[in-house]
Each structure stands twice: as structure tokens, then as C-alpha cells.
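Right, one structure below, let's go through it.
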Amino acid sequence: MLNVTALTKDEVANCPVRQVLSKVTGKWQVLIVLALEDGTLRFGELKRTIGDVTQRVLTENLRSLERDGYLRRDVDPGPPVAVRYTLTDLGEELLPLLRGLTEWAAHRHADVQASRETFDAK
């Protein structure tokens, strides 16, 4: 098994698994990557595709994904200014992994709900 134990702050800060997973497994990061699966989207299109995300939260998550190399931000100075986002090769490599996880989540949702109801009934 891959070593995922971290007992000190330094070990946590230097753990590659924690460093990468913390940036790609959040709800918004997953939804952004999946939304870009079919190609480049402008900011507004991305926001409409996701739906329930605020502009601030979307911006923060896009910056984080851009910083880590999963997507590219292109600005067309216009007028009007148009900002477009596209998955990089790294983002494209991540995509099938996230798609598999989300397909599993959709398939097993009823089982998770049933387990929650059983647990909460105790």
C-alpha cells in the first residue's frame, strides 16, 4: 500500500498524495474538470454548466486548477473581453479518473443513502 501516514506538520506538508488530492478531489474542482471534458468554455458558460457555484468560488477554484497545471486560461482582450478555460494534458489525464469516480458515485448513490438512513436511525 502507498504510504499515506503523516505524523508531523512537515510530513503533511510534503506528502505528495495529500498535496495533489487536496487540489483535485473537491466538489468544485471535479465539476470544473468534468465540465471542460468536451472542450474550451468561457467563464459564463462554465458557470452556467455547473449551476450552483458562485462567481467567487468558481474563480478561486479555476485559479487553483490553473496554478497546478490542470487547465489553461486564455484571455481575448476583445472588446468585449472573453476569458476561456481549456484542460491541459495533465487535466486530460485526470479526466478519466474523475469520470470513473463520478460514475461510481452516481451508480452507488442509493446504497450510500440507504446506509445513511440506517445509521441515522440508530
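The residues of the chain are indexed from 1 along the displayed sequence.
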For [X], I'd like to know if atom [atom1] has over 12 heavy atoms of other residues, nucleotides or ligands within 6.0 Å.
| X | atom1 | value |
| --- | --- | --- |
| Asp89 | CG | no |
| Arg18 | CZ | yes |
| Gln55 | CD | no |

To the nearest 0.5 angstrom, please state how far the [atom1] atom of [X] sits from the [atom2] atom of [Y].
| X | Y | atom1 | atom2 | answer |
| --- | --- | --- | --- | --- |
| Lys27 | Gln29 | NZ | CD | 10.5 Å |
| Leu87 | Leu71 | CG | CG | 6.5 Å |
| Phe43 | Arg84 | CZ | CZ | 14.5 Å |

Linking I/L/V/M/F/W/Y whenever any side-chain heavy atoms sit under 4.5 Å apart, do [X] and [Y] land together?
| X | Y | answer |
| --- | --- | --- |
| Val112 | Leu98 | no |
| Val75 | Leu46 | yes |
| Leu58 | Val81 | yes |
| Val20 | Leu62 | yes |

Are [X] and [Y] side-chain neighbours, meaning at least one heavy-atom pair lies under 4.5 Å?
| X | Y | value |
| --- | --- | --- |
| Leu94 | Val24 | yes |
| Leu95 | Leu97 | no |
| Arg73 | Val83 | yes |
| Glu117 | Asp120 | no |
| Val33 | Trp28 | no |
| Tyr85 | Leu41 | no |
| Leu34 | Val30 | yes |

Would you find a donor on one side and an acceptor on the other, under 3.5 Å apart, between the side chain of Ser64 and the backbone of Glu60? no
What closest approach, in Å, do [X] and [Y] show between heavy atoms, and which atom pair accounts for it?
| X | Y | result |
| --- | --- | --- |
| Glu92 | Pro96 | O-CD, 3.1 Å |
| Val12 | Ala6 | CG2-CB, 3.6 Å |
| Leu65 | Lys23 | CD2-O, 3.8 Å |
| Ser22 | Gln19 | OG-O, 3.4 Å |

State whether Asp74 and Arg72 are salt-bridged, where the test is any N-O pair (Lys NZ or Arg NE/NH1/NH2 against Asp/Glu carboxylate O) under 4.0 Å. yes
Show which residues join Trp104 in its hydrophobic cluster (side-chain heavy-atom contacts under 4.5 Å, direct or indirect), or state none. Leu101
For a side-chain contact (heavy atoms from CB on, under 4.5 Å) check, start with the C-alpha distance between Ile50 and Ile32, then their side-chain angles and the critical distance, and finish with the verdict. CA-CA 7 Å; Ile50 295 172; Ile32 290 167; 3.6 Å; yes
In short, side chain to side chain donor-acceptor pair (under 3.5 Å) pairs touching residues 30-50 with sequence neighbours left out are Glu37-Arg99, Thr40-Thr86
